[in-house]
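Report on the following structure.
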Amino acid sequence: MTKKQEYTDDYPDKTLYLPGPTEVREDVIEAMAQPMFGHRMDRMTDLYTTIVEDTKTFLDTDQNVIVLTASGTEFWEATTLNLVDERMLVPTAGSFSERQANVAERLGKDVDRIEYDWGQAVKPEDIRDALETGEYDAVGTVMNETSTGVRNPIEAIGDVISEYPDTYFIVDAISCLGGDSIDIEKHGIDAIFTSTQKAFAMPPGLAVCTVSDAAYERELSKESASWYGGFERTLEYYDRKGQTHSTPAIPLMLAYRKQMKHMLEEGHKARDKRHREMAEYTRDWAREQFGLFAETGHRSQTVTCVENTQGIDVADTIETVSKEYDMVFSDGYGSKLGQKTFRIGHMGEHTVESIKELTDAIEDVAGL
Ligand SMILES: Cc1ncc(COP(=O)(O)O)c(C=O)c1O
């Protein structure tokens, strides 16, 4: 059993290069420290409508937007409950897509998997084959497989699913939305969601989801749906009152407001470009020093999974870089990839220069 380890206020600051949580701007952190106000006050309506509408502008979408007090995992459950009666198709190619399939099974859904080796990307033609032979209420796909560093071809997958109007498209974009631009409407995405601690570069604790009109209608026609993450409950409350149905994490929403203004100033496309440059730099470095785990042509713009071809002690390198440089990056995901890979999160507020500081530190510690 884990014993209590007393929390002290005495921890050195570390620069986060994790695949989330990531670095948060100082003024965004400061925005949270305000006297509390009530979640039914006019001020709350100002705050919530500002963050919802700013998010639509940033994502360049006319779809509905929900910002909920929860981590992104909530929307695995809610989108499944709201859109799936019986059957769901989930391509699995890493830990998070497997978890998406597990969540749907736990909710009693009949889940068909298309299984890929970890490191491989989902192939749109496999989705087409599955949809041609079976009827599915929804396809659930992870856009950015954080465990393997694969960016799936969501656009092409969405174009295939669009040919099947009774099948809804659910996208987990948790580790990339905000750092990897996507045209939500053009590719028929019915619900795409993220957690704030990733490429939005906010503190953890809020989840964001867009909802198409068709997905909203679909939930209305179903006998059961999520209560907390129900599209109708959350969006109807927004329409009527401009607030959330239950008490939100107000300080986090204050931080959200501040950071979303920074994101709007930079713009979706410019943010995408900065992330692409960081990813290119990281991949070039990894190719030179190690190898890349993800399939060629499908590599993530926010997380690089480096294949440990040099056999360095990953755990030891992470610990030493943390101790000597106050920088934290991630080992490989789970027992499968723990020592075989390590992961660098180049998302949020990072720049090529800040990523270079980490790769220099790794080179120094690992004696490369
Ligand atoms: C792709 C993906 N999906 C889901 C999750 C779970 O997100 P959260 O912990 O915010 O619920 C993560 C977390 O890293 C993720 O990377």
Side-chain angles (χ1 to χ4, degrees), residues 16-24 66-81 88 90-107 116 118-122 139-154 157 169-180 182 189 191-210 226 228-229 248-249 252 255-256 259 275 279 293-294 298-305 328-334 336-338 341-348:
L16 304 181
Y17 295 86
L18 304 170
T22 184
E23 288 296 291
V24 179
I66 303 168
V67 182
L68 206 57
T69 300
S71 80
T73 294
E74 162 62 19
F75 281 113
W76 270 337
E77 289 200 339
T79 53
T80 305
L81 288 169
M88 182 167 174
V90 182
T92 58
S95 178
F96 290 98
S97 40
E98 280 180 10
R99 209 184 289 177
Q100 184 171 27
N102 288 338
V103 167
E105 279 166 345
R106 284 284 291 199
L107 295 171
Y116 296 91
W118 285 32
Q120 297 297 297
V122 177
V139 178
T141 309
V142 170
M143 179 164 163
N144 197 67
E145 200 15 285
T146 323
S147 57
T148 61
V150 166
R151 197 296 200 174
N152 282 312
I154 289 301
I157 295 170
F169 189 24
I170 301 169
V171 179
D172 166 346
I174 288 185
S175 59
C176 65
L177 200 69
D180 186 340
I182 173 112
I189 297 173
I192 183 166
F193 50 90
T194 190
S195 303
T196 47
Q197 76 275 14
K198 309 278 189 183
F200 275 25
M202 300 173 188
L206 296 174
V208 185
C209 185
T210 75
S226 166
Y228 189 74
L252 296 177
Y256 192 115
Q259 172 65 358
H275 280 76
F293 187 72
H298 297 285
R299 290 173 179 148
S300 163
Q301 215 162 268
T302 51
V303 182
T304 293
C305 186
V328 187
F329 63 105
S330 266
D331 57 356
Y333 199 90
K336 211 162 169 173
L337 297 180
T341 62
F342 59 89
R343 292 170 302 151
I344 297 175
H346 31 82
M347 60 173 70

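We count ligands from 1, going down the list as the structure has it; atoms in each ligand are counted the same way.
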Worksheet item: Which heavy atom of the protein is the closest neighbour of atom 1 (C) of ligand 1, given with residue, atom name and distance?
Response: Thr146 OG1, 3.2 Å

Practice prompt. Report the residue from Arg299, Lys198, Arg151 that forms a salt bridge (Lys or Arg N to Asp or Glu O under 4.0 Å) with Asp180.
Written response: Arg151

Worksheet item: Of the non-hydrogen atoms in Ile154 and Phe169, which two are nearest, and what is the gap between them?
Response: O-CE2, 3.8 Å

Fill in: Gly72: numbered ligand 1 atoms lying under 4.0 Å from its heavy atoms
8 (P), 10 (O), 11 (O)

Worksheet item: Nearest to atom 6 (C) of ligand 1, what protein heavy atom do you find, and at what distance?
Response: Thr73 OG1, 3.6 Å

Discussion item. Below a 4.0 angstrom heavy-atom separation, can you tell me which part of Gln197, side chain or backbone, both or neither, approaches ligand 1?
Written reply: side chain

Practice prompt. Kindly indicate whether the side chain of Tyr333, heavy atoms from C-beta on, has any atom under 4.5 Å from the side chain of Arg343.
Written response: yes

Item to complete: Check if Met143 has a non-hydrogen atom at a distance under 4.0 Å from any atom of ligand 1.
Response: no

Response to the item:
Note: Thr148 and Gly94 closest approach over all heavy atoms is CG2-CA, 4.3 Å

Fill in: Within reach of ligand 1, part of Asp172 (heavy-atom separation under 4.0 Å)
side chain

Worksheet item: Can you list the atoms of ligand 1 that are under 4.0 Å from a heavy atom of Asn144?
Response: 1 (C)

Worksheet item: Which ligand 1 atoms are under 4.0 Å away from a heavy-atom of Trp76?
Response: 3 (N), 4 (C)

Practice prompt. Give a yes-or-no answer on whether the side chains of Ser175 and Thr146 include a donor-acceptor pair shorter than 3.5 Å.
Written response: yes

Discussion item. Please list, in number order, the atoms of ligand 1 under 4.0 Å from a heavy atom of Ser195.
Written reply: 7 (O), 8 (P), 10 (O)

Discussion item. Please tell me whether Thr302 and Asn144 have a donor and an acceptor in their side chains that are separated by less than 3.5 angstrom.
Written reply: yes

Worksheet, complete the sentence: Rounded to the nearest 0.5 Å, the OG1 atom of Thr79 sits from the CD1 atom of Ile170 at a distance of 4.0 Å

Worksheet item: Quick one: nearest non-hydrogen protein atom to atom 8 (P) of ligand 1, plus distance?
Response: Ser71 OG, 3.5 Å

Worksheet entry | Parallel, tilted or perpendicular: ring planes of Phe329 versus Phe342, cut at 30 and 60 degrees | perpendicular

Worksheet item: When you measure from atom 12 (C) of ligand 1 to every protein heavy atom, which one gives the shortest distance, and what is it?
Response: Phe96 CE2, 3.3 Å

Worksheet item: At a non-hydrogen distance cut-off of under 4.0 Å, which region of Lys198 contacts ligand 1 (side chain, backbone, both, or neither)?
Response: side chain

